[in-house]
J.: 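Below is a structure I'd like to ask you about.
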Amino acid sequence: MFNFFWRKKKSTFTGGIILDGHKQVTKINTPQLPKELIYPLFLTSDRYTKACVKVGDYVKKGQVIAIADSLLSTPIHAASSGIISSIEKRLIAHPSGLADDCIILQTDGLDSALEAEPCLDYRQQSRDFLRKKIHQAGIVGLGGAAFPTAKKLSGSPAIHTLIINAAECEPYISCDESLAIASAKEIIQGSLIIQHILQASLCIIAIEDSKPDAYLALLFAAKETDIKIQKVPSIYPTGGEKQLIQVLSGEQIPPQKLVFEYGYICQNIATSFAVYQAVLLGIPLTERVITVTGAGIKQAQNIQAKIGTPIKDLVQFCQGYTEHAQQLIMGGPMMGIALASDEIAVIKASNCLLIEPIKASAIQPCIRCGDCAKVCPSELLPQQLYWYSRSQQWDNCTDYNLADCIECGCCDVVCPSKIPLVQSFRIAKSEISQQQKQAEQAALAKKRFENQQQRKLRIEQEKAVLLEKRKATIEKMKAAAAQRKLN
Amino acid sequence: MKHYLLLLLSTILVNNFVLTKFLGLCPFLGVSKRLESAIGMGLATTFVLTLASVSSYLLYHYLLLPLELTYLRTISFIVVIAVVVQLTEIILHKLSPRLHKLLGLYLPLITTNCAVLGVALLNIQEQHNLLESFVFGFATAIGFSLVLILFAALRERIHVSDVPQPFQGASISLITAGLMSMAFMGFVGLD
Amino acid sequence: MLFLCLVFALLGLLLGFAHKKLKIKNDPLVEQINNLLPQTQCGQCNYIGCRPYAEAIAKNEADINQCPPNGEAGIIALANLLGKEAKPLNPEFGEQKAPAVAFIIEQDCIGCVKCIPPCPVDAILGAAKQMHTVIASECTGCELCISPCPVDCIIMRPIEKTANHWQWTQDV
Amino acid sequence: MQFPTSCSPFTPSNNTVQRMMLYVIAALIPAIGTLFWFFGFSILIQLFLASCTAILAESLCLYARKRSVLPSLLDGSALLTAFLIAMAIPSIAPWWVVVTGTLFSILIAKHAYGGLGYNPFNPAMVGYVFLLISFPLQMTIWQSPLLFLDLNSALTVIFLEPTSIDGLSSATTLDYTKTQLHLGQSINSIQQHAIFGFIADKNKEFINLAYLIGGLFLLKQKIIHWAIPTAVILGIMLPASITYSMDSSIYPSPLFHLASGATLCAAFFIATDPVTASSGTKGHLIYGFLIGSLIYCIRTWGGYPDAVAFAVLLANLTAPTIDYYLKGKKTIAPLAKEYTRNNGSNLEVGALASPDPVRD
């Protein structure tokens, strides 16, 4: 069993950069009910949901309006009561900027909710019952990846450590911090539930040392329980799974290996709050804390927003744009996605809306200075990867562990020539995955073609055998007829 | 022993066959597009060169001299080298078809490679004894492959950079080869 | 002089003997080339299928840029394997079209079963005088089923761009 | 309201190519100051000439390639090359020497390969070698350390093809030791000559000292990597001390090698050019050591007195090969230590995707 707290040397991960936080931790306010809620059926790559309501239905708050349609998708719940006005193509929160089918809900302002079915004595329930309850509440990782939590808590490989990730290492984002201050008790309860499901022997909440009051709130709330609150150095990207594990336990997960193989599971602090609400209060995931911040917004604050609210309503609640609003980013300034318009609605994974001026600068050729290799947290060689993806040598990219790149953006920031490294890596990744898909399709087509050839060959042979038999029988009949004619 | 070491060093660095004597330039520019094929070519040339250098020496001293057929020297050397090259091609084709495919045209080209013939004739000109001609042949081959591998790695890097239109392709390789020989002039006088 | 010719003859014999002893059996290269081809068996490279085209390339009878569905990336892969120069796609064999899937217009289909045998991957489902349809996931877009159809009810539909298929590109 | 979309991240830093180049030029100022202090205005004129030609040539190439001239002109790399060439050649060389050298280095060594970042050879050194080979006479007359040229005499020397050349020039210590060694003189008798200061050339030691100060400043600012300078200095000191301990009467002391010629300038300013060096700490060490040892070999046995330029070019030649062999398929740090879990159950990854009771 690992005991982290008596490790003398606090091991930190290699690489990473120190960024100034721009954190404004405010009280969480709740905006007024938006008139229209938009729920896209396409969650993220290869995860679809199917609408289970028709146009014109009246739904209550918390009612399931779309059920999971592929392996890793989760059901969607209405965030407020109202009428389903239509299911049509709307812009969705995706880097492609394309539109996709969305359920449009016109709210009627009553906000009448379904009666919740809490299960108070969760320790007696079977672990699968709890995971089914979490799945039906539509809980996904709220850190930004939105991986279905029920799938992560399958606990099939023995998990010895549960890490609750409160290390909000990206600048500007302060939703987890404000949540920790506001509802530390519920978070601790949620973490205990997750620890119970995973049968993990150890549960740690990791929080950056630049957030003292959140640390104290959590410490006070976790007094009776055996959950440890551990400070981690505020170096970006300490919030990454592998980086956090290396900071806490000093163990380095090798490239292209998954974290849970080595007995670790990381969950975001907002996810444990959502698990608490789903299990102990029986409320599905319909709201989440979002930081609306940046130089382009008049009054930056943390908002308890309903999932599906269009961004323009949230901006209106924060008194609208300033003249610096040239760019709308969902997520942090390092790993966020630039959105095309503020008609787009907020989804489960959006933890921050950053509105800021564009600070573009001319791209110069790479001078091989090697600064990017010094800051890469996954210890890759961004310079080599850049030259290979530039010259489209995809096999070299895979050899140099491009798949292990977490697109944290550190190399991009320190590059003196301002080369869009993350963009070229993303292009390389999508090219490689596309080529793999094509190779699989080609292999499949080849197998089907060869089966067809063999089948045709077999048919020919059978025909030939049949022909022989028929000829033989004809000979026999002719011989018999001749025989009969003789005698 | 010091004499052989000095001969080895001076042939590889000081009067390097490719960069100072400008022999064996065609495979040097032809094969150096990719580093793997350059290494393959280097190995093949080393094998051929050392073998050819020794066999041409033997042929010359034990066959042509007693029969006073020294005027047939060049033709017989070419035949010997051709035989050695053909032998390497067959063995290579069997051993690693991929490398054979990569080298492709340039493997038979070694026969006409001026470096190989040059070594054979220089051996005679400078009255090398058997051991000296072996060391001389081997050193020339090492010098040739060293420069070939360096040049191939350089060309792979240049292939990726955005060379202006008029300079692309052969012209930039020739400029690089020119700069390389300029650099190698630093060894001039290294006695 | 005579002696010299004798020596050379001896060497020639040595070569002949080595050549025979070290003969190589089948050529693994054809298999490697075939794996790089898109297996649509579409015949645009005027060989009946991908394997014959691979054999032609191995024997240097065919050039590496005669396969439009393979596109530029395929040609570069072939060039790297064979150590040749990556030439652009030869337009005379057709252009690389956006990936498309065959689609049978239900009203016009008369159930004549003529389109089922030519399909190299059996992607068309149907029986005599029954309705035919194309299994979209299996179809490789080789367009072999279009010509035999007497009522021309098969059209090629490009795969529509959705957020799921979206790729990061240079000019986002 | 519509917004433009672009790829993350959105936080640029103040680290730009221009800032790096300007820091390196700033680090050269102490050396230029001491040069001016001892040798007078000739060095300033050379610098001025070199910079004008470099900027002219750079903008010409950029204009010819229809590239935006201003941003890449302002990144200071052309200026830096000009400075390095001007300080490498003898300060009383005629004006057309430095102009042709800079033209050759900017046009051929840099822009023929595509401009900043693509040139495999260090442009300043290519220019210097070009000059050394094509104008051997002009390149070996060094201004004698005892003479201070004021402005107009320096102008006349450089522009008007000076008449009394030998009055001004004298051999450098390196030159002198080499020629005397050939004549069989012993080291200590050579070092009595007037041109010798404490260790090497009378005033040139202070210039090398200024290079050292500039270099340390760059190290503190993290512009250059510590590995290359240490490797270069080690490359020279190691063989020098070995041969010195073997036979001190024939081989000069390692300190002499360090303080003479352009060793320190090479170690801190020329070898650390990131574009032409190999990458990674191991790469830097091998690259630097190669330069150091080559400088030593050519100095003691080679034909040219100060072989910094040749050594750097030869090392640039090997940089891609070093990169090719050094960059194993792993990351920089050795592959993470494989963790053998105490409960030892080795797991294949498919667990998550397996059929799961929770699917409704």
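Below, read A as the first sequence line, B as the second, and so on, with proteins coming before strands; counting in each chain starts at 1.
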J.: Rounded to the nearest 0.5 Å, what's the gap from CG on A:D412 to SG on D:C7? Could you check?
T.: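 Nearest 0.5 Å value for the CG-SG distance: 7.5 Å.
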J.: Quick check on the interface: out of A:P333, A:S361, A:G409, who has the most heavy-atom pairs with chain D under 4.5 Å?
T.: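 Among the listed options, the one with the most contacts to chain D is A:P333.
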J.: Rounded to the nearest 0.5 Å, what separates atom CD in A:Q384 from atom OH in D:Y324?
T.: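 Result: 12.0 Å between the selected atoms.
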J.: CG/A:D342 to CZ/D:F3 distance, rounded to the nearest 0.5 angstrom?
T.: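 A:D342 CG to D:F3 CZ: 5.5 Å, rounded to 0.5 Å.
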J.: Rounded to the nearest 0.5 Å, what separates atom OG1 in D:T11 from atom OH in A:Y172?
T.: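 Spacing of OG1 (D:T11) from OH (A:Y172) equals 9.0 Å.
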J.: Counting only non-hydrogen atoms closer than 4.5 Å, does A:Q327 touch chain D with its backbone (N, CA, C, O), its side chain (CB onward), both, or neither?
T.: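 For A:Q327, the contact with chain D is made by backbone and side chain together.
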J.: Supply the atom-to-atom distance D:F10 CZ to A:K359 NZ, rounded to the nearest 0.5 angstrom.
T.: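 So the CZ of D:F10 and the NZ of A:K359 are separated by 10.5 Å.
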J.: As an exercise, state the distance from CG of D:D323 to CZ of A:R368, rounded to the nearest 0.5 Å.
T.: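 Between atom CG of D:D323 and atom CZ of A:R368 there are 7.5 Å.
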J.: At a 4.5 Å cut-off on heavy atoms, which part of A:C369 comes close to chain D: side chain, backbone, both, or neither?
T.: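 Both backbone and side chain.
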J.: Between the side chain of A:K418 and the main-chain N/O of D:N15, is any donor-acceptor distance below 3.5 Å?
T.: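 Yes.
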J.: Report which part of A:I329 has an atom under 4.5 Å of a heavy atom belonging to chain D: side chain, backbone, both, or neither.
T.: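 Only the side chain of A:I329 comes within 4.5 Å of chain D.
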J.: Would a 4.5 Å heavy-atom cut-off, applied to side chains only, mark A:L339 and D:T5 as touching?
T.: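 Not touching, per the 4.5 Å side-chain cut-off.
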J.: Can you check whether D:P9 reaches A:V422 side chain to side chain, under 4.5 Å on heavy atoms?
T.: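 They are in side-chain contact.
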J.: Given heavy-atom pairs under 4.5 angstrom as the criterion, report whether the side chain, backbone, both or neither of D:M20 touches chain A.
T.: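 For D:M20, side-chain heavy atoms alone lie under 4.5 Å from chain A.
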J.: Answer with side chain, backbone, both or neither: which region of A:Q326 has an atom nearer than 4.5 Å to a non-hydrogen atom of chain D?
T.: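 Looking at A:Q326, just its backbone touches chain D.
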J.: Considering only heavy atoms, which portion of A:D371 lies under 4.5 Å from any heavy atom of chain D: side chain, backbone, both, or neither?
T.: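 Contact with chain D is through the side chain of A:D371 alone.
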J.: Does the side chain to side chain contact (heavy atoms under 4.5 Å, CB included) test come out yes or no for A:K374 and D:H225, once each step is laid out?
T.: CA-CA 11 Å; A:K374 291 197 195 82; D:H225 196 65; 3.7 Å; yes
J.: Taking the side chain as everything from C-beta on, heavy atoms only, tell me whether D:M1 gets closer than 4.5 Å to A:Y321.
T.: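 When only atoms from C-beta onward are counted, A:Y321 and D:M1 do touch, with a gap below 4.5 Å.
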J.: What part of A:C415 is in contact with chain D, defined as an atom under 4.5 angstrom from a non-hydrogen atom: side chain, backbone, both or neither?
T.: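 Backbone of A:C415 only, per the 4.5 Å heavy-atom cut-off to chain D.
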J.: For A:M334, is it the side chain, the backbone, both, or neither that has a heavy atom closer than 4.5 Å to a heavy atom of chain D?
T.: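 Both the backbone and the side chain of A:M334 come within 4.5 Å of chain D.
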J.: Please state whether the side chain, the backbone, both or neither of A:I358 comes within less than 4.5 Å of a heavy atom of chain D.
T.: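 For A:I358, the side chain is the part near chain D, not the backbone.
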J.: Counting heavy-atom pairs under 4.5 Å with chain A, which one of D:S278, D:P4, D:G114 comes out on top?
T.: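 Highest number of heavy-atom pairs under 4.5 Å: D:P4.
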